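Here is the structure we will look at.
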Amino acid sequence: MPPSAPGACDATCARDVARHVVTAFQSELACTAQPPQPRGLRLLSRRELQATLADLPGLGGPAAAGMGAACGLTRFTFVPPQGRTVTTVHVAGSFNNWAATIASGGYALVPQGDRFTLERQLPPGQHLYKFVLDEKDWTTDPANPRRAPDGYGGENSLLEISCPGDCGRVRFTFDPGTRPVSRVHVSGTFNGWAPTAALGGYPLSRTGNLFHLDRTIPDGQHLYKFVLDDTEWIPDPGNPRRTPDGYGGGNSLLDVDCAGGAGSGSPLAAAFSSYPKESRPEGFAFDDHGPSRVVGTGLAEAIFRVARTAADAADLRAMLGCTVADPACVKGFVTRTGRRVFRRSLTPAETQRYEALALGAPDPVRGARLALRAMLTSPAFLYRTELGEPSGDRYVLTGDELASALSYALTGSAPDDLLLDAAASGELSTPAGRGAQARRLLATPRARTHLGDFAAMWTGADGILTADKQPSQF
C-alpha cells in the first residue's frame with residue numbers, strides 16, 4: 001500500500017501491487033548485491049527503556065529471581081544432577097492442587113539442552129511448590145533458596161509474588177544482624193495483634209540473613225510490631241514513624257492510601273511522564289527509528305532524571321539478598337546487576353569502577369544506589385550495540401548482541417538470564433539455538449504484549465486516543 005496513505009489503496013491499487021510483486025520477483029533475489037548492514041549503536045526508545053527497567057529485579061518489576069515484567073510471570077528452571085537421567089519434570093504446588101502428574105494439572109517444564117524450563121503466569125500471593133521428576137520423585141527447587149517445612153520432615157520451595165504499584169502492597173523487611181532469630185512475624189491492627197503466626201500473624205520469609213514479606217494491607221492507618229520467635233515484640237527498625245504503645249514503648253505507624261488508584265503517583269511513572277517521545281519520520285510508523293534519536297540537552301536531562309528516580313526507589317535488599325554493609329555482598333550486587341543492566345558480563349575495569357563507587361561512600365546503602373545510578377546512565381545500558389566482531393570480510397554479531405537483538409525484537413525488553421546464559425555458552429551461534437530461544441520468548445506473555453504494540457503502531461491505531469478530534473463530531 002502507499003506509504004502513509006493506506007486509504008488510497010483501492011481494488012485497482014491492490015491488483016497493481018500484486019502485479020508488481022509477480023513481475024518484480026520472477027528471478028531469485030541476489031542477496032550478495034545487497035548493501036551490508038551498517039554497524040552502529042541503537043539508543044533505547046522510551047518504550048524499551050520502560051520495559052527494561054520493569055524487568056530489572058528490585059526496580060520496576062518483581063524482586064523475586066526469575067520474574068519478568070508481567071506481574072506473576074514466573075520462570076522455573078531445573079538442571080538434572082550429573083549422572084541422573086530425567087525424562088519429565090513438572091511443577092506441583094499450592095497453585096495447582098499439588099498435581100502429582102502432568103495429566104492431572106502439573107505444569108510441565110520443557111527440555112532445553114541440559115535443562116528443563118518453564119515460564120508460567122501465577123497469581124499474586126505466597127505459594128509453596130516442588131519439582132516432580134518423572135512423576136515420582138518430589139524435590140525442592142535447587143535454584144530457589146527460600147524454604148518452608150512441608151509437614152513430612154522435608155521442605156517445600158517458597159515463592160512470593162507481588163505486583164509493584166498494587167494499592168496497599170507493603171514490603172516488610174527485618175535484618176536481625178548478629179542476633180540469633182529463627183522466626184519473625186508481623187502483628188498489628190490489621191490482624192488482631194496476633195501473638196503467633198498460627199493465630200493469624202503474617203510470617204516473614206528468610207533469604208540469607210534477611211526476613212521479608214510482601215503483603216496487601218487495607219486502606220487506612222495501622223499500628224504494628226515485629227514479633228521475634230513468638231516472644232519479643234519490637235517496632236520495625238526500617239520504619240522511623242512511631243506512636244506510643246501505652247506500655248512505655250512504641251508501635252510502628254503505617255498509612256495506606258489508595259485514593260489515587262493503583263500505581264498512581266509512582267515516582268518512576270512521574271519521571272517518565274516528562275520523558276521526550278520519539279519522532280517518527282514520514283513513512284516510518286514505529287517509535288524506534290535509530291538515526292533520529294540524538295541525545296540533546298532535554299533528552300539527557302530526562303535520562304538522568306529517570307536513572308536517579310529508579311536508583312533511589314530500588315529495593316536494594318531485594319536486589320542484593322544480603323546485608324549491604326558486607327563488601328562481598330556489594331561486589332556480588334555489582335556483578336549480578338551489572339550483567340542484567342548492560343545485557344552482558346562486566347569487564348574487569350567496569351567491575352572495579354562500580355565496586356569502588358559502591359564501597360567508597362560513607363553509607364553503604366547510598367554507595368550501592370550511586371553505583372546503580374551510574375550503571376543506568378552508562379551508554380552500555382542506554383544503547384544496544386550492533387558492532388559485531390570481524391569474521392573474514394564482514395562483521396558478525398556477538399552472542400550478547402544476538403541475545404539483545406532477539407529479546408528486543410520479540411519481547412520489547414532486555415534479555416533474561418536464560419538468554420544471556422545461552423549467549424555465553426555459544427548456543428546462539430547456531431540456527432537451531434537461535435530458533436529454540438526465539439520459540440521460548442514467543443511463548444511468553446511479554447511477547448504477546450510487545451507484538452500487540454507492534455501491530456498497533458504498524459496500523460496506526462496507537463495514535464487514536466491522542467489524535468486531535470473535531471469537537472462537532474466527537
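Just so you know, these numbers come straight off a predicted model, no measurement behind them.
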Nearest 0.5 Å, what's the [atom1]-[atom2] distance between [X] and [Y]?
X	Y	atom1	atom2	value
L228	R183	CG	CZ	10.5 Å
L128	E155	CG	CD	11.0 Å
E48	D287	CD	CG	7.0 Å
R373	F304	CZ	CZ	10.0 Å
T77	D141	OG1	CG	8.0 Å

Charged N-O contact under 4.0 Å between [X] and [Y]:
X	Y	value
E401	R42	no
R384	D288	no
R75	D417	no

Using atom types as modelled and distance alone, determine if a side-chain donor or acceptor of [X] lies under 3.5 Å from a backbone N or O of [Y].
X	Y	result
D150	N156	no
D236	N251	no
S157	R147	no
D229	T231	no
R171	H212	no
N239	L253	yes
S429	G426	yes
S391	V396	no
D134	T87	yes
T335	K331	yes

Exercise. Going through the distances and angles, do Y129 and N144 end up as a side chain to side chain donor-acceptor pair (under 3.5 Å)?
Worked result: CA-CA 11 Å; Y129 71 97; N144 183 359; 3.2 Å; yes
For this session: Could you go through the side-chain contact (heavy atoms from CB on, under 4.5 Å) check for W138 and Y152 one step at a time?
Result: CA-CA 12 Å; W138 296 61; Y152 299 95; over 6 Å; no
Could you pull out the closest heavy-atom pair between [X] and [Y], with the gap in Å?
X	Y	value
S404	R343	OG-CD, 3.6 Å
F116	P80	CE1-CG, 3.9 Å
E350	L346	OE1-CA, 3.4 Å
V181	P176	CG2-CB, 4.0 Å
G412	A51	O-CB, 3.5 Å
A194	G200	CB-C, 3.5 Å

Problem set entry | Step-by-step side chain to side chain donor-acceptor pair (under 3.5 Å) determination, S205 to R146 | CA-CA 7 Å; S205 302; R146 304 180 62 191; 3.0 Å; yes
Side-chain heavy atoms of [X] within contact of [Y], under 4.5 Å:
X	Y	answer
F226	V186	yes
L49	F381	yes
R353	T347	no

Exercise. Where do T101 and S104 land on the side chain to side chain donor-acceptor pair (under 3.5 Å) test, with the steps shown first?
Worked result: CA-CA 5 Å; T101 64; S104 62; 2.9 Å; yes
Problem set entry | Residues T88, L133; criterion side-chain contact (heavy atoms from CB on, under 4.5 Å); working and verdict | CA-CA 6 Å; T88 66; L133 315 183; over 6 Å; no
For this session: Take V341 and L56 through the test side-chain contact (heavy atoms from CB on, under 4.5 Å) and record every step on the way to the result.
Result: CA-CA 8 Å; V341 169; L56 291 174; 4.0 Å; yes
Exercise. Parallel, tilted or perpendicular for F76 and F95, by the 30°/60° rule?
Worked result: tilted
Exercise. Taking the six-membered ring for Trp, are F174 and F211 parallel (under 30°), tilted (30 to 60°) or perpendicular (over 60°)?
Worked result: tilted
Exercise. Does the side chain of R47 come under 3.5 Å of the side chain of Q50 through a donor N or O and an acceptor N or O?
Worked result: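 Side-chain D/A pair, R47 to Q50: absent.
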For this session: Compute whether any side-chain donor of one residue and acceptor of the other, for T398 and E389, lie under 3.5 angstrom apart.
Result: no
Exercise. Above 12 or not: heavy atoms from other molecules or residues under 6.0 Å from CZ of R241?
Worked result: yes
Problem set entry | Stacked cation flag R120 on Y107, 6.0 angstrom / 45 deg | yes
Problem set entry | Verdict with supporting geometry, N191 and Y202, side chain to side chain donor-acceptor pair (under 3.5 Å) | CA-CA 8 Å; N191 61 6; Y202 300 158; 4.7 Å; no
Problem set entry | Test applied, salt bridge (charged side-chain N to carboxylate O under 4.0 Å, His left out); reference residue, R339; option that passes from D421, D416, D400 | D421
For this session: Would you sort out whether K225 and S187 count as a side-chain contact (heavy atoms from CB on, under 4.5 Å), showing the intermediate values?
Result: CA-CA 6 Å; K225 282 187 177 181; S187 180; 5.8 Å; no
